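Remember, predicted model here, so these are calculated numbers, not experimental data. Computation of the quantities below employed the complete heavy-atom set of this structure, encompassing side-chain atoms and omitting hydrogens, waters and symmetry-equivalent molecules. Here is the naming used below: chain letters follow the sequence lines, and residue numbers restart at 1 for every chain.
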Protein chains: 2
Amino acid sequence: MGAMTNVERAMSALRQMIFAGELTPGSDHLETELAERLGMSRTPVREAALMLQAQGLVEMRPRRGIRISPVSAQDMSDIYDILTELESLAAARAAEAGYSDTDLETLAKAIADMDAALDADDLRAWADADDRFHRELVRLGRNARLSMIVSVMRDQVRRARATTLFIRPKPAKSNADHRIVLQAIADGDVSRAHDTHHAHRRAARDMLVALLDKHQFHGL
Amino acid sequence: MGAMTNVERAMSALRQMIFAGELTPGSDHLETELAERLGMSRTPVREAALMLQAQGLVEMRPRRGIRISPVSAQDMSDIYDILTELESLAAARAAEAGYSDTDLETLAKAIADMDAALDADDLRAWADADDRFHRELVRLGRNARLSMIVSVMRDQVRRARATTLFIRPKPAKSNADHRIVLQAIADGDVSRAHDTHHAHRRAARDMLVALLDKHQFHGL
DNA sequence: GTATGCGTCTGTGTATACATTAATGGATGC
DNA sequence: GCATCCATTAATGTATACACAGACGCATAC
C-alpha cells in the first residue's frame, strides 16, 4: 500500500499485535514463524525486532525466539517515575516558551474532550484525549529526544492500561490538574507548571502501583 | 576472541570509531564500505547500525548511507536537561533506599579519585572518575530503564567532551557538590540529594552551553 | 533413579544474490 | 543559459542459502 518498506510494515504490525494482546507478554516467537505470519522473509522481521528490542518491547534471545517483554508492577513504577520527571520538565519548558492561546489550543481541546468523555462515561475516549494532552504537552516542551523517550515509555504503559483502565477509579479529579497546568503554561509560570504536573503524575503513579499490587499483578 | 557475535563486534567497533573521531559527525558511510572496513558482510553491519540508530548515534538514510549524527549546541542543551532530571531522580531514589557506607564506597572512591586527578592536573583521569561517579549514582537509583536512557544520553555527551574538556574552566568546585550528594544519600535526605544534584547538573549545563555558544560551536 | 555424555536437529547468525529505487549526469527543448 | 526529462547506475531492501551452535532427548553408567 504506499511507499512503505517491509521493515516498517513489520514494525507497525508487531506493535499492533502486541498492543492488541495478540502476542501476549512473556510469549516466545520464532523469527520464521513471525515472518510467515507477516508474509515476508526473516530479514525485515529480524530488523524490526531489533528496533523493537531497542525500545524495550521485545527481547531477542538466541534459540529462544523473540520474547514479548513482560511488564511487571516494578517496571510500571520505574516507567512512571521517568514519565513524571520528563513530562514535568516539558511542562516547565513549555511555560518558559511563552506560547499564545492559539498555540495552546490543542491542549485546551484535549481537556474539553476529556470532560466530554467523562460526562458520556466513555473511558476509551477519555484515555484517548488524555493521551493527546500528554503528547502535546511534551511536544510543546521542544526537546526532540525527550519526546522520543516519553513516547517509548508511554508505549509500555499503554499495554498495562488496557487492563487498568476499567478497574481504576474514574479519573474525575484529573482534569482539574490539567487545567492548572494549562493555565500555568499560558501565564508563563514555570514552577507552577512543573510542580502541578509533577504532583499529578506522582499521584497517578501511586494510584496505579497500588492498584497493580492489590490485584496481584505480577506481570503483564 | 570469545563468543562474540559479529553484530556485537560491529557495534563496539563503530562506537569506538565514533568516539575516537575516526568517523566524524556529519559524515556519510555506505554499508558496503563499513562492512569491508570491519571485515564482515553487510548484514551484521546493518543490524549494528540499526541499533546505533535507535540510540541516536547514527542515522540511516536510503541511498545516502549511514550518517554519523551531528550533535548541535541545542542537542547538548536538550540532553543535559534530560540528564539533569533523571540523575536527580536517581539521587533521590538512592537516598530513599537507605544504603550503608559500604554500599556507597564506590561513590566515595570516585570522589577521592577526582580530587587526586585535580591535584595531579590530569583532566582525563578526572573525567573518568566523574563518569564513574555519575554512573554509580544512577545505578544506586535502581531503575534499569533510567540507567539505560542515561547511558545512551551520556554517550552523546561523551563525544562533545573530547572538545570541551580542555577549554572549560577547571572543575574545582564540582567535588563539593558531589560530597554533599553523597552525604545526603548516606543520611537518607531525599530532597537534599535531589536538589543538590539538580543544581549541580543545571550549572554544568549552563556552563557548557555558554561555552559552546561562545566558541561558535554549531555542530560536532 | 539419577547423572552424564553424545548425537541429532532446529533456529539463528551471516554471507550472498537479486530486485528495486532514487540520485546523477547528460541530452534536449525552450 | 536554464530547466526538464530520461537513462544509467549504484546503494539499499529483501530473499535465500548455509554453517554453526545450543537445546533436547536418549542411551548408558553408576
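Across the protein-nucleic acid pair, D28(B) atom CG and dA10(D) atom C1' stand 15 Å apart, rounded to whole Å. Atom-to-atom, CE of M4(B) to C1' of dG13(C) comes out at 15 Å; the value is rounded to the nearest Å. The CE-P distance, from M11(B) to dG13(C), rounds to 14 Å in whole Å. Look at CD on E31(B): it is 11 Å from P on dA11(D), rounded to the nearest Å. Spacing between atom CG of L30(B) and atom P of dA23(C) amounts to 14 Å, rounded to whole angstrom units. Atom C1' of nucleotide dT14(C) and atom CG of L38(B) are separated by 14 Å, given to the nearest angstrom. Spacing between atom CZ of R67(A) and atom P of dG11(C) amounts to 16 Å, rounded to whole angstrom units. With rounding to whole Å, E36(B) atom CD is found 13 Å from dA15(C) atom P.
Nearest nucleotide to the side chain of R42(B), out of dA15(C), dA15(D), dG13(D): dG13(D). Taking only side-chain atoms of T32(B), from C-beta outward, the nucleotide of dA15(C), dT12(D), dT12(C) with the closest atom is dT12(D). The side chain of T5(B) has dG13(C) as its nearest neighbour among dA15(D), dT16(C), dG13(C).
For A204(A), the side-chain contact (heavy atoms from CB on, under 4.5 Å) test picks out Y80(A), with sequence neighbours left out. With sequence neighbours left out, D206(B) forms a side-chain contact (heavy atoms from CB on, under 4.5 Å) with R202(B). Qualifying ring pair (Phe, Tyr, Trp, His ring centres under 6.0 Å) partners for H194(B), counting only residues two or more places apart in sequence or in other chains: H198(B). Looking at residues two or more places apart in sequence or on another chain, you find a side-chain contact (heavy atoms from CB on, under 4.5 Å) between D103(B) and Y99(B), S100(B).
Near-neighbour residues of DNA chain D inside residues 45-53 of chain A, defined by a heavy atom below 4.0 Å, are absent. The stretch residues 55-66 of chain A touches DNA chain D through R63(A), each having a heavy atom under 4.0 angstrom from the strand.
Contact annotation: T43(A) does not reach the phosphate of dT14(D) (side-chain N/O to OP1 or OP2, under 4.0 Å).
Between D78(A) and R142(B) no salt bridge is recorded (no basic side-chain N to carboxylate O distance below 4.0 Å). Using a 4.0 Å cut-off between charged side-chain N and carboxylate O, E36(B) and R42(B) make no salt bridge.
Nearest-nucleotide assignment on DNA chain D puts the 5′-proximal partner with H29(B), out of M40(A) and H29(B).
Across I79(B) and V157(B), no two heavy atoms sit closer than the pair CG2-CG2, 3.6 Å.
You'll find the ring centres of H197(B) and H178(B) outside the 6.0 Å limit.
Residues V58(A) and M51(A) form no side-chain contact, since every pair of their non-hydrogen atoms from C-beta on lies 4.5 Å or further apart.
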